[in-house]
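First up is the structure itself, then whatever we jot down about it.
Quick caveat, the model's predicted, so the values are computed rather than measured.
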Amino acid sequence: MMKVRINLKKEIDFSYDVLIESGLLGKIPKDLKNNPIGNKYAIITDSNVNRIYGHKIANGMISEGLTVCMLNFQAGEKSKNINIVEYLINKLIDKGLERNSAIIALGGGVVGDVAGFVASIFLRSIPYIQIPTTLMAQVDSSIGGKTAVDLSKGKNLIGTFHHPKKVYIDPLVLSSLSQRELQNGLSEIIKYGVIYNRGLFEYLENNVEEINKRNVECITHIIIKSCQIKSEIVQKDEKEENLRAILNYGHTFGHAEEKCGKYETHLHGEAVTIGMNFAGTLAYRLGFWQKVDLQRQNSLIKSFNLPIKSNFKSNEILKVMYRDKKVADQRIMFVFPEKIGKMATSNGKYKITVPEKELVSLLNEFSS
Ligand code: GLY
């Protein structure tokens with residue numbers, strides 16, 4: 001027998017910086033001039049962000065002598081699909097982007113996930129950077145390299161791990177967000193407090209009013225803390241083999257809630273807080289954490305005007321939950337808190353299966 005070995009063991013450094021500074025947006029063109037990541041750039045954004053920031057960044061880049069084109073699509077979760085990916089890739093080819101070109105994802109979570117996915121598959125992958133313009137994207141989706149699009153059967157069912165080369169976070173861009181969008185992002189920050197950092201949870205409790213009033217210092221503080229927490233978790237478990245799964249707290253139910261509402265009833269963060277109430281209640285029923293902690297979580301959620309009650313029927317939710325990525329051997333997996341700032345494990349694993357009887361009984365009480 002002949003054996004031809006394909007030796008692929010190698011060490012690759014995918015490390016990158018997340019830069020956070022008020023007013024950073026205006027400094028990006030110069031930074032790209034000084035630290036280029038491509039010979040040409042395509043800014044991928046959505047119809048809303050394009051109007052506010054797209055041309056500002058593109059013009060700044062042109063002034064620095066960089067070659068840049070703009071591509072945009074209709075804002076909203078409904079655009080996070082494979083047809084948009086094909087449309088964008090055709091445009092990239094028409095605009096002459098090559099293997100040494102780069103993509104700039106300018107926008108919220110949908111833009112970041114779609115543009116990151118396009119970057120990961122275009123010409124078998126090109127580099128990209130993230131410029132998140134929503135609180136949700138700044139504290140969660142722009143960091144960690146998860147890219148995805150949705151299928152009609154569910155959310156994020158096609159995706160890759162492809163880390164950005166850099167993430168630029170400018171807290172001042174949040175001034176253009178509606179209060180609902182701001183609260184949407186706060187949902188993931190509350191989640192970080194519950195799953196990993198009691199100090200952040202208590203900071204949120206003590207600063208509800210200032211945060212709701214958008215005090216820039218408070219908002220910047222919680223962005224920095226969240227990025228540090230996410231970075232720590234991703235560094236420990238990049239490919240979600242165990243610990244990273246705690247970031248999915250509230251998401252098993254949340255994704256089903258979003259899908260049942262056809263992505264129109266709830267924003268992602270709103271569905272997640274409903275899911276945190278569900279997973280938290282289940283955790284209490286199964287003896288993982290105390291009722292006082294569940295109540296404390298839920299009152300913090302409510303103080304930011306975020307929902308905890310589902311809008312859908314239990315059988316609809318259950319059907320969609322079975323299609324989620326978090327199902328293994330046809331059993332739905334959850335992650336559960338043990339106390340504020342710490343998640344529970346079972347046999348060293350954060351993902352815990354739940355007896356269907358418990359799940360259905362709580363679903364019947366929980367859903368409309
Ligand atoms: N948003 C969940 C994760 O990045 O793993």
Side-chain angles (χ1 to χ4, degrees), residues 14 139-141 143-148 154-161 163 187-201 226 228-258 268 271-291 293-294 296-297 317-363 366:
F14 289 116
V139 298
D140 182 22
S141 53
I143 302 167
K146 278 190 180 174
T147 80
K155 202 172 151 80
N156 297 339
L157 291 180
I158 303 181
T160 54
F161 282 99
H163 290 281
S187 144
E188 298 283 356
I189 305 179
I190 300 169
K191 180 197 78 182
Y192 288 132
V194 176
I195 65 168
Y196 204 73
N197 194 304
R198 191 182 184 89
L200 175 60
F201 188 91
S226 301
Q228 285 168 339
I229 293 167
K230 177 121 192 209
S231 137
E232 224 173 285
I233 294 171
V234 169
Q235 285 172 80
K236 287 182 184 161
D237 178 20
E238 185 198 344
K239 296 277 165 71
E240 202 176 303
E241 275 151 29
N242 191 15
L243 176 71
R244 186 166 178 171
I246 68 174
L247 294 170
N248 296 329
Y249 178 51
H251 285 61
T252 308
F253 191 99
H255 281 174
E257 181 81 16
E258 266 185 288
H268 175 67
V272 166
T273 51
I274 296 170
M276 283 167 64
N277 180 26
F278 184 82
T281 306
L282 208 46
Y284 161 61
R285 295 259 182 111
L286 297 170
F288 285 100
W289 76 338
Q290 307 282 313
K291 192 166 192 174
D293 284 336
L294 170 65
R296 209 169 147 192
Q297 166 196 278
I317 295 273
L318 193 64
K319 202 162 88 194
V320 181
M321 274 206 283
Y322 269 110
R323 286 201 213 113
D324 199 88
K325 293 192 296 324
K326 290 170 276 300
V327 171
D329 297 331
Q330 277 307 296
R331 298 175 78 185
I332 300 176
M333 316 285 286
F334 284 86
V335 289
F336 292 132
E338 186 177 291
K339 54 186 182 186
I340 302 281
K342 188 170 188 302
M343 294 303 269
T345 53
S346 170
N347 298 321
K349 297 284 176 208
Y350 287 96
K351 282 193 209 161
I352 296 171
T353 48
V354 176
E356 179 144 340
K357 209 171 109 226
E358 292 284 348
L359 190 61
V360 172
S361 126
L362 179 60
L363 267 174
F366 200 78

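- Every pair passing side-chain hydrogen bond (donor to acceptor under 3.5 Å, both in side chains) that includes a residue from residues 273-283 is listed here, sequence neighbours excluded: Asn277-Thr281, Asn277-Asn298.
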Check your understanding: Could you go step by step and tell me if His163 and Val234 meet the side-chain contact (heavy atoms from CB on, under 4.5 Å) rule?
Key -> CA-CA 11 Å; His163 290 281; Val234 169; 4.3 Å; yes

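- Remark: the backbone N or O of Met276 is paired with a side-chain donor or acceptor of Gln297 at under 3.5 angstrom.
- Here the side chain of Asp237 pairs a donor or acceptor atom with the backbone of Leu243 at under 3.5 angstrom.
- Considering all non-hydrogen atoms of both residues, Ala256 and Met321 come closest at CB-CG, 3.7 Å.
- You'll find the side chain of Phe253 stays beyond 4.5 Å of the side chain of Leu282, heavy atoms only.
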**Study point:** Test log, rule side-chain contact (heavy atoms from CB on, under 4.5 Å), inputs Ile332 and Leu318
**Key:** CA-CA 9 Å; Ile332 300 176; Leu318 193 64; 4.2 Å; yes

Review point. Can Glu188 and Lys230 be said to form a salt bridge (Lys or Arg N to Asp or Glu O under 4.0 Å), step by step?
Key: CA-CA 11 Å; Glu188 298 283 356; Lys230 177 121 192 209; over 6 Å; no

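- Between the CG atom of Asn248 and the OG1 atom of Thr252 there is a distance of 6.5 Å, given to the nearest 0.5 Å.
- Using a 4.0 Å cut-off between charged side-chain N and carboxylate O, Glu356 and Arg331 make no salt bridge.
- The shortest heavy-atom contact between Ala148 and Asn156 is CB-OD1, 3.5 Å.
- Residues Ile195 and Ile246 share a closest heavy-atom pair of CD1-O, 3.5 Å.
- Using a 4.5 Å heavy-atom cutoff, the side chains of Gln228 and Ser231 are not in contact.
- In this structure the side chain of His268 never reaches within 4.5 angstrom of the side chain of Ser187, judged on heavy atoms.
- Between atom NZ of residue Lys351 and atom CD of residue Glu241 there is a gap of 9.5 Å, rounded to the nearest 0.5 Å.
- Residue Phe161 qualifies as enclosed at atom CZ: its count of foreign heavy atoms under 6.0 Å is above 12.
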Return a table of donor-acceptor pairs under 3.5 angstrom between the side chains of residues 333-349 and protein atoms on other chains or two or more places apart.
unit_1 : atom_1 : unit_2 : atom_2 : d
Glu338 : OE2    : Lys342 : NZ     : 3.4

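- Shortest non-hydrogen contact noted between Tyr249 and Ala279 is CE1-CB, 3.6 Å.
- Side chain of Arg244 to main chain of Glu238: a donor-acceptor pair is present (N/O by atom type, distance under 3.5 Å, no hydrogens or angles).
- No side-chain N or O of His251 forms a donor-acceptor pair with one of Glu258 less than 3.5 Å apart.
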Exercise for review: Determine, stepwise, if the pair Val320 / His255 fulfils side-chain contact (heavy atoms from CB on, under 4.5 Å).
Suggested key: CA-CA 8 Å; Val320 181; His255 281 174; over 6 Å; no

Practice item. Please lay out, stage by stage, how Asp140 and Ser226 fare under the test side-chain contact (heavy atoms from CB on, under 4.5 Å). Key: CA-CA 8 Å; Asp140 182 22; Ser226 301; over 6 Å; no

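- Between Phe278 and Ile317 the shortest side-chain heavy-atom distance does not fall below 4.5 Å.
- Side chain of Asn197 to backbone of Ile229: no donor-acceptor contact under 3.5 angstrom is found.
- In terms of modelled atom types and a separation under 3.5 Å, the side chain of Trp289 and the main chain of Leu294 share no donor-acceptor contact.
- Remark: the backbone N or O of Gly250 is not paired with any side-chain donor or acceptor of Lys191 at under 3.5 angstrom.
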